[in-house]
Amino acid sequence: MNNKTVKAIVIIVSIIFSIIGIFSFIFIVFIIVDTVEDKMYDNEVRESFSELILDAPDEFDKDDTYYINYSYDDNGTYCYMNIYPSEKYNTLEYEFNESIRYTLNDKVSGLNELNINGNKVLNAEVETEDSKEYYYGIESKNYYYIIKYSIYDNMKGDRSDIDTNLCYSAKDKTL
């Protein structure tokens, strides 16, 4: 091989390794940024739920990917509880009213104001063809919490174990 060929090979190899190095560096930076953003998001989520104490039964499965979701399935009933925090931009009443979903075929209770553990709690119930949904709005120092507790029951509540069925008994104990 002559000198020019060796120089050309060295230049080509250098360029290839430089390109690989640049792409590796960019890939590593993206991984680091993604990891930092995930940790920041996790801290924000943890902070947003720091002012709410819930006592969900141990039997409930918990998922806290984007918001907190508890679910349970047993004996023809399925229930879940979603908890959405939001910073205080509007009033609790506004946030609460915006969160309730229903159709014209549903039975919707009026807005109730409850006192739970010394806190003002807004409440409304929606009965659909397939479920009973309980909405709660709670105000803490820095956040509003909208809680939706839904029960899907194959027997539509016509059951002998309604007093001991965890989906029904956990609803009032959780808040």
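- Judged by the 6.0 Å distance and 45° axis criteria, Lys171 is positioned over the aromatic ring of Tyr134.
- Under the rule for a ring-ring contact (aromatic ring centres under 6.0 Å, His included), Tyr152 has no partner lying at least two apart in sequence or in another chain.
- Between the side chain of Tyr149 and the backbone N or O of Cys167 there is at least one donor-acceptor pair closer than 3.5 Å.
- Remark: the backbone N or O of Lys141 is paired with a side-chain donor or acceptor of Lys88 at under 3.5 angstrom.
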Give the intermediate values and the outcome of salt bridge (charged side-chain N to carboxylate O under 4.0 Å, His left out) for residues Glu93 and Lys120.
CA-CA 11 Å; Glu93 288 79 4; Lys120 173 184 161 184; 2.7 Å; yes
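- Following chains of ILVMFWY side-chain contacts shorter than 4.5 Å, one can reach Tyr102 starting from Ile146, so the two form part of one hydrophobic cluster.
- Ionic pairing of Glu133 and Arg101 is not present here: no N-O contact between side-chain nitrogen and carboxylate oxygen is shorter than 4.0 angstrom.
- Inspection of the Thr103 and Asp106 side chains reveals an N or O donor paired with an N or O acceptor under 3.5 Å.
- Linking ILVMFWY side-chain heavy atoms closer than 4.5 Å, directly or via other members, places Ile138 and Tyr80 in two distinct hydrophobic clusters.
- Salt bridge present: Glu125 and Lys132 bring a charged side-chain N and a carboxylate O closer than 4.0 Å.
- Inter-residue side-chain proximity for Leu111 and Phe96 is flagged as met; some heavy-atom pair is nearer than 4.5 Å.
- Defined by atom type and a distance below 3.5 Å, a donor-acceptor pair is present between the side-chain atoms of Tyr168 and Asp153.
- A donor-acceptor pair is defined here as one N or O able to donate and one able to accept, closer than 3.5 Å; no such pair exists between the side chain of Tyr135 and the backbone of Val126.
- Hydrophobic clustering, with ILVMFWY side chains joined whenever heavy atoms are under 4.5 angstrom apart, keeps Tyr94 apart from Leu122.
- Two residues are said to be in side-chain contact when any heavy atoms from C-beta on lie closer than 4.5 Å; Ile83 and Tyr70 meet this criterion.
- Counted within 6.0 Å of CG on Asn115, heavy atoms from surrounding residues, nucleotides or ligands total more than 12; the atom is thus considered enclosed.
- In terms of the ring-ring contact (aromatic ring centres under 6.0 Å, His included) criterion, residue partners of Tyr72 (sequence neighbours excluded) are, by chain and number, Phe60.
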